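Inspection log for the structure reproduced underneath, given as structure tokens.
All figures in this text were calculated on a predicted structure; none of them were measured in a lab.
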Amino acid sequence: MSQTFQPDDPNRFRPSSSSGFVRGWDWSRQDQRPGLPWIGLVLVLFGALLLLGEFVPGFHVAGPALGVAAGLAFLIAWVTNRGRWGLYPGIFVLAISLPGFLIDLGVLRNAPGWTTLFLGIGLLIVAIVRWIGHGGVGWQALLGGLMALSGGDDVIQALDPGVPSFDAIVFPVVLLSLGLLILMRSIRRR
């Protein structure tokens with residue numbers, strides 16, 4: 001026999017005398033927030049991809065499209081269930097698959113750096129979600145910013161080679177700034 005306790009019930013941790021254990025969680029329909037029907041979500045996304053494959057010439061259903069569907073499924077589950085577990089896999093799978101998907105559709109030109117750029121943007125989105133939820137700014141903001149800058153620079157260099165590269169401008173500026181900071185601190189000490 002199973003018992004269900006309310007969160008404020010002081011007897012919730014005490015085993016009853018008739019049974020050897022207390023059932024800790026319940027997966028019944030009495031849950032206030034039932035889970036997302038994964039099979040329905042996967043079928044809708046896969047059906048949409050199959051239709052897209054029929055109407056867009058050169059579009060491949062396997063590969064990047066399945067990755068985009070899986071990433072979207074994780075993100076939709078994260079939005080509906082508000083659990084943390086769906087955000088990171090959704091962002092990573094979507095960021096890795098989205099460039100190939102958009103290149104297949106003809107939206108993006110094939111160039112190196114798209115995946116790094118999208119991973120950086122994904123981590124920046126995670127950092128924003130974390131900041132909005134009062135979790136502070138974590139490693140996601142720093143790594144995401146660096147990846148977005150690096151990937152964006154690679155894409156710009158591949159699409160327009162005449163534009164000066166990021167490292168050709170930023171690296172000397174960083175060195176100059178660090179040198180000026182060291183000089184200013186040494187002048188203040190005297």
Side-chain angles (χ1 to χ4, degrees), residues 36 38 40-133 135-178:
L36 187 71
W38 279 92
L41 180 62
V42 169
L43 289 175
V44 166
L45 291 172
F46 192 63
L49 290 175
L50 287 174
L51 283 175
L52 196 59
E54 288 296 318
F55 293 111
V56 176
F59 179 75
H60 307 288
V61 174
L66 288 178
V68 168
L72 287 175
F74 278 120
L75 290 175
I76 290 170
W78 171 73
V79 168
T80 58
N81 294 338
R82 277 294 181 207
R84 291 183 186 179
W85 69 270
L87 180 61
Y88 285 94
I91 290 288
F92 287 125
V93 170
L94 190 61
I96 290 170
S97 303
L98 195 58
F101 179 74
L102 294 176
I103 289 169
D104 280 352
L105 286 177
V107 175
L108 297 179
R109 287 183 17 208
N110 196 2
W114 286 117
T115 302
T116 307
L117 175 65
F118 286 172
L119 280 169
I121 291 170
L123 284 172
L124 287 172
I125 291 170
V126 170
I128 291 169
V129 167
R130 180 183 159 102
W131 180 68
I132 289 172
V137 177
W139 60 269
Q140 301 89 348
L142 178 65
L143 185 60
L146 290 174
M147 289 181 77
L149 288 173
S150 174
D153 182 52
D154 290 345
V155 169
I156 290 170
Q157 290 302 306
L159 298 180
D160 189 4
V163 175
S165 70
F166 177 73
D167 57 346
I169 295 171
V170 172
F171 187 66
V173 169
V174 168
L175 289 179
L176 179 69
S177 301
L178 285 174

If you take all heavy atoms of [X] and [Y], which pair is closest and at what distance?
| X | Y | result |
| --- | --- | --- |
| Trp114 | Pro99 | CB-CB, 3.6 Å |
| Ala141 | Val137 | CB-CG1, 3.5 Å |
| Leu75 | Ile91 | CD2-N, 4.0 Å |
| Trp78 | Gly86 | CB-C, 3.8 Å |
| Leu159 | Ala111 | CD2-CB, 4.0 Å |
| Gly90 | Phe74 | CA-CB, 3.5 Å |

Side chains of residues 118-133: which donor-acceptor pairs under 3.5 Å do they make with residues two or more places apart or in other chains?
unit_1 : atom_1 : unit_2 : atom_2 : d
Arg130 : NE     : Gly135 : O      : 3.4
Arg130 : NE     : Gly136 : O      : 3.2
Arg130 : NH2    : Gly135 : O      : 3.1

Under 3.5 Å, side chain of Ser177 to main-chain N/O of Val173, donor-acceptor pair present? yes

After noting the C-alpha distance and the side-chain angles of Ser97 and Val93, does the key distance pass the side chain to side chain contact (heavy atoms under 4.5 Å, CB included) rule? CA-CA 6 Å; Ser97 303; Val93 170; 4.3 Å; yes

Measuring from [X]:[atom1] to [Y]:[atom2], what's the distance to the nearest 0.5 Å?
| X | Y | atom1 | atom2 | answer |
| --- | --- | --- | --- | --- |
| Gln140 | Leu87 | CD | CG | 9.0 Å |
| Ile76 | Leu72 | CD1 | CG | 5.5 Å |
| Leu105 | Phe101 | CG | CZ | 4.5 Å |
| Thr116 | Leu149 | OG1 | CG | 12.0 Å |

Could you check whether any side-chain heavy atom of Leu98 comes within less than 4.5 Å of a side-chain heavy atom of Pro64, counting everything from C-beta outward? no

